[in-house]
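Report on one structure; see the data block that follows.
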Amino acid sequence: MFYEILQFLIAFLVIIVALKIIFRYGGIILKILGYLVAGWILLFIANIIPGIFIPINLLTVVISGFGGVPGVLLLILLSLIA
């Protein structure tokens, strides 16, 4: 009986801490996810152009997401050089 109550209290505390983190940093997390999705879309559009192939992985998505159009242009330039 004591262990069940203790487990419930620990689970309750973990849920409270998780909700505090989500509410405090939720906007930042959503903004970062938005940048990453935009980077993925920019890479997808760039890969439609004939002669250009940029592998879509975490590094290229982060570069294109946070770099925007200049980041994608840099990746295109690097893919044409290599």
TODO: Would you give the length of the straight line joining atom CG of N57 to atom CD1 of I63, rounded to the nearest 0.5 angstrom?
DONE: 8.5 Å
Task: Cluster overlap I56 with L74, hydrophobic side-chain contacts below 4.5 Å - done: no
- [ ] First locate atom OG of S64, then atom CD1 of I76, and finally report the distance between them rounded to the nearest 0.5 Å.
- [x] 10.0 Å
TODO: Indicate if I49 and F44 have the same hydrophobic cluster label, given that clusters are the connected sets of ILVMFWY residues with side-chain heavy-atom separations under 4.5 angstrom.
DONE: no
Open item on the list: Between L33 and I22, is there shared hydrophobic-cluster membership here, with clusters defined by ILVMFWY side-chain heavy atoms closer than 4.5 Å?
Closed with: no
TODO: Following the transitive rule for hydrophobic clusters with a side-chain heavy-atom cut-off under 4.5 Å over Ile, Leu, Val, Met, Phe, Trp and Tyr, establish whether L42 and I52 coincide in one cluster.
DONE: yes
Task: Contact check, side chains of F12 and I15, non-hydrogen atoms, under 4.5 Å - done: no
TODO: Taking atom CZ of F66 as the centre, report whether more than 12 heavy atoms of other residues, nucleotides or ligands fall under 6.0 Å from it.
DONE: yes
Open item on the list: Quick check for you: to the nearest 0.5 Å, what is the distance between N47 atom CG and L75 atom CG?
Closed with: 10.0 Å
Open item on the list: Minimum heavy-atom separation for P55 and T60, please, with both atom names.
Closed with: O-OG1, 2.8 Å
Task: side chain to side chain contact (heavy atoms under 4.5 Å, CB included) between F8 and I5, intermediate numbers included - done: CA-CA 5 Å; F8 176 75; I5 293 173; 5.6 Å; no
Open item on the list: The test is side chain to side chain contact (heavy atoms under 4.5 Å, CB included); show your working for Y35 and V62 and say whether it passes.
Closed with: CA-CA 8 Å; Y35 286 141; V62 168; over 6 Å; no
Task: I45 with V61, same ILVMFWY side-chain cluster at under 4.5 Å - done: yes
